Amino acid sequence: MTNIIVACPQCKYQMSVQGNPGERIELICPKCKIYGFFQFPEESSTAPTEDVIVVKNLTKYYGKIKGIEDLTFSVRKGEIFGFLGPNGAGKTTTIRTLLGYLHPTNGEAYILGKNIAHNIVNIKRDVGYIPGELNLYGHLTGRQFLDYFGSLRNKQLPLLTDLLQIFDVPLDRKIKGYSRGMKQKLGIIQAFMDDPDIVIMDEPTSGLDPLLQQKFYDFLRGQKKKGKTIFFSSHVLSEVDKICDRIGIIRNGKLVALEDVETLKEKMGKLFRVKIKERPEKFTGPKNMKVRDGLIEFVTSGDIDYWVKQLSHYTILDLEIHAFSLEDIFIHYYEGQA
Amino acid sequence: MNNIFRLKIALQTMKDYWKITIILTFLFMAMAAMYAGMFPSFEKSLIEMMDSEFIESFNFFPHADQMHTYVGFLTLELYNIFWLLLLAIMFGFIASSCIAKEIEGKTIDILMSNPVSRKQIVLEKFMGLIPMIIIINFSMMVVIIGITVALNESLNYVNLLVVHLISIPYFLAVISIGLLFSAIIDDKMKSSIFMIAILIGMFIINSISLMASDYEVLGFFSFLHYFDTFNVLEFGEIDGAGLVVFISVTVICLIGAIVYFEKRDIEIT
């Protein structure tokens, strides 16, 4: 049984109606007494926000060494999802397990509704990938490489011309003569050229100069507008802050945060940085208070008023209150880590 | 599923080895021309040297007693060493590095980002090496025919064709062992060294089994035991068991390579 609020078509009076999905019921408006039928909507088979990548308890051990443990998260259609973590946290392992290079020790994952364990070749028809350690065939020219990969995709390459314009590479030179940035550009071109529904990227902007990074972000936003999903790992927080809708933070192979970038920032509270004339130790702040270079630092959520009033008993030389940047959040999650 | 019949990886493999194919073709053509062409100048002294002691000292080669005949000379100098051993080492070397180098060079990541299965990669790499075998194989046959005609020696050309036809399953067996190593060992040098060790090992085993009759049974573990080029060239004898061995080794190694490659993790470190 579900409850639905229905508005009377004549007097707009709102009434609560109870029924089963698909059921047709008789209604009389209690206000204007108009008589009619109401049809409950069928239960939709797809969730309103479709998850295109679903990861359930994914675990990968390399023998006894932990790669990732018990990862559970999902990526929604049309979002840019940032996967954060320092080097060695398990970002690459996650991506390589998702794409079938590594067989999971435990757990499962679905991409576009297909199980990665049984359907990986089919999945790759609709998924592009830029590896973290991008190695291309040095003995081929850029053009030969794209021709070869085009033939392996075996489908139309609607974005190829556009991409070649944005990310200009010397197509007739052998790839072994390419600079790191050029290789990265070619990697981007091959991943997006057939306009796949999802693109998974492992630190895609490494090697790109700031101008190209900007062009790349613009391109990603364009893809997002078309309903394409982007999943990428990074440790460049400014870029994540700029383009990601949601982030997952991974530490020691485990997911420690999974949130909307904005919500996460709000939840983290405000950062106080105060300099007082008195000795900093005299001030008793919240538990997380620290004194660094004579500056008092602490984090508080919500009760700004209280702390400002507490501080008013001292002589304030400098005061800074600001929202958490992604970098602060990141450091927060990693502090105290061995 | 239709992807596997388009053979794009096989085609690319063929293109990648195109230069090597041409170089090896000319090298082995030159080698064949040289050895076959040398026979007249050696013939006389060989006939004189053909006493039992001399033959005895060469008995680790099959049919050393026939060294003074054209067919015997060809078999001993050309087919046994340069063909069955050296060319097999070349093919084995190439095959045993062809998947390993993609993993070692980390290009496997970008290759597998395409909708291609692991099975398909192994099979197409295998198929991509076949044209090289066929080209080198038959171009050398043509050279032998040419030299034989020029020297006015007698040689049964049907038997010659049969030798080169049997060579195909022989080399296929070699490259399938190479591919199996290549699918298992990530380091292309290590994988190639294993392969070469096996081929030289087979050669040594065969020689031992020929020299010492106590160890004759060892010969069963060598490919060379199943491919007696002299008997084929001279008498047209085809070793059916040999063909069965080559084909079964090919099939078993290919299946092994596919199964292992499907199951393994592809790690890049």
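Owing to the predicted nature of the structure, the values given are computational and were not obtained by experimental measurement. Within every chain, numbering begins at 1; the chains are lettered A, B, ... in the order of the sequence lines, protein sequences first and strands thereafter. Heavy-atom basis, side chains included; hydrogens, waters and symmetry copies ignored.
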Subject >> Crowding at OH, B/Tyr17 (>12 non-hydrogen neighbours, <6.0 Å) >> reply: yes
Subject >> Within 6.0 Å of CZ in B/Phe194, more than 12 heavy atoms from elsewhere >> reply: no
Original post:
In terms of heavy-atom contacts, does NZ of B/Lys188 have more than 12 from other residues, nucleotides or ligands at under 6.0 Å?
Top reply: no
**OP:** Could you tell me whether A/Lys254 atom NZ has more than 12 heavy atoms of other residues or ligands within 6.0 Å of it?
**Re:** no
Original post:
What are the two closest heavy atoms between A/Phe145 and B/Ile110, and how far apart are they?
Top reply: CZ-CG1, 4.2 Å
Original post:
Which bit of B/Lys263 comes within less than 4.5 Å of chain A, counting heavy atoms only: side chain, backbone, both or neither?
Top reply: backbone
Original post:
So how far is it from B/Glu102 CD to A/Asn135 CG, rounded to the nearest 0.5 Å?
Top reply: 11.0 Å
Subject >> Under 4.5 Å from a heavy atom of chain B, the part of A/Leu136 involved >> reply: both
**OP:** Begin with the C-alpha distance, continue with both residues' side-chain angles, and end with the deciding distance and a verdict on side chain to side chain contact (heavy atoms under 4.5 Å, CB included) for B/Met112 and A/Leu99.
**Re:** CA-CA 9 Å; B/Met112 281 176 61; A/Leu99 287 171; over 6 Å; no
**OP:** Start with the C-alpha distance between B/Val116 and A/Lys124, add both sets of side-chain angles, then the distance that settles side chain to side chain contact (heavy atoms under 4.5 Å, CB included), and finish with yes or no.
**Re:** CA-CA 8 Å; B/Val116 295; A/Lys124 283 175 183 170; over 6 Å; no
Original post:
Does the side chain of A/Leu140 come within less than 4.5 Å of B/Lys15's, by heavy atoms?
Top reply: no
Subject >> Atom CD of A/Gln156: over 12 foreign heavy atoms under 6.0 Å >> reply: no
Original post:
Can you name the nearest heavy-atom pair linking A/Tyr148 to B/Lys8, along with the distance?
Top reply: CE1-O, 3.7 Å
**OP:** Taking atom OH of A/Tyr62 as the centre, report whether more than 12 heavy atoms of other residues, nucleotides or ligands fall under 6.0 Å from it.
**Re:** yes
Subject >> Closest-packed option against chain A by number of heavy-atom pairs under 4.5 Å, given B/Asp16, B/Asp265, B/Leu111 >> reply: B/Asp265
**OP:** Give a yes or no on this: more than 12 heavy atoms of other residues, nucleotides or ligands lie within 6.0 Å of atom NZ of A/Lys114.
**Re:** yes
Subject >> Atom group of A/Ile130 that falls short of 4.5 Å from chain B, counting heavy atoms >> reply: neither
Original post:
Looking only at heavy atoms, which two atoms of B/Lys106 and A/Glu133 are closest? And how far apart?
Top reply: NZ-OE1, 2.8 Å
Original post:
At a heavy-atom separation under 4.5 Å, does A/Gln144 approach chain B through its side chain, its backbone, both, or neither?
Top reply: neither
Original post:
Side chains of B/Ile9 and A/Leu152: does their closest heavy-atom pair fall under 4.5 Å?
Top reply: yes
Original post:
chain B heavy atoms under 4.5 Å from A/Ile123: which part of the residue, side chain, backbone, both or neither?
Top reply: neither
Subject >> Spacing of A/Gln190 atom CD and B/Asn114 atom CG [to the nearest 0.5 Å] >> reply: 7.0 Å
Subject >> Minimum heavy-atom distance A/Arg153-B/Pro115, with the two atoms named >> reply: CD-CD, 4.1 Å
Original post:
Closest approach of B/Arg118 and A/His103, non-hydrogen atoms and distance?
Top reply: NH1-NE2, 3.8 Å
**OP:** Kindly say whether A/Ser151 contributes a backbone atom to a donor-acceptor pair with the side chain of B/Arg6 at under 3.5 angstrom?
**Re:** yes
Subject >> Shortest non-hydrogen contact from A/Tyr101 toward B/Ser113 >> reply: OH-N, 3.3 Å
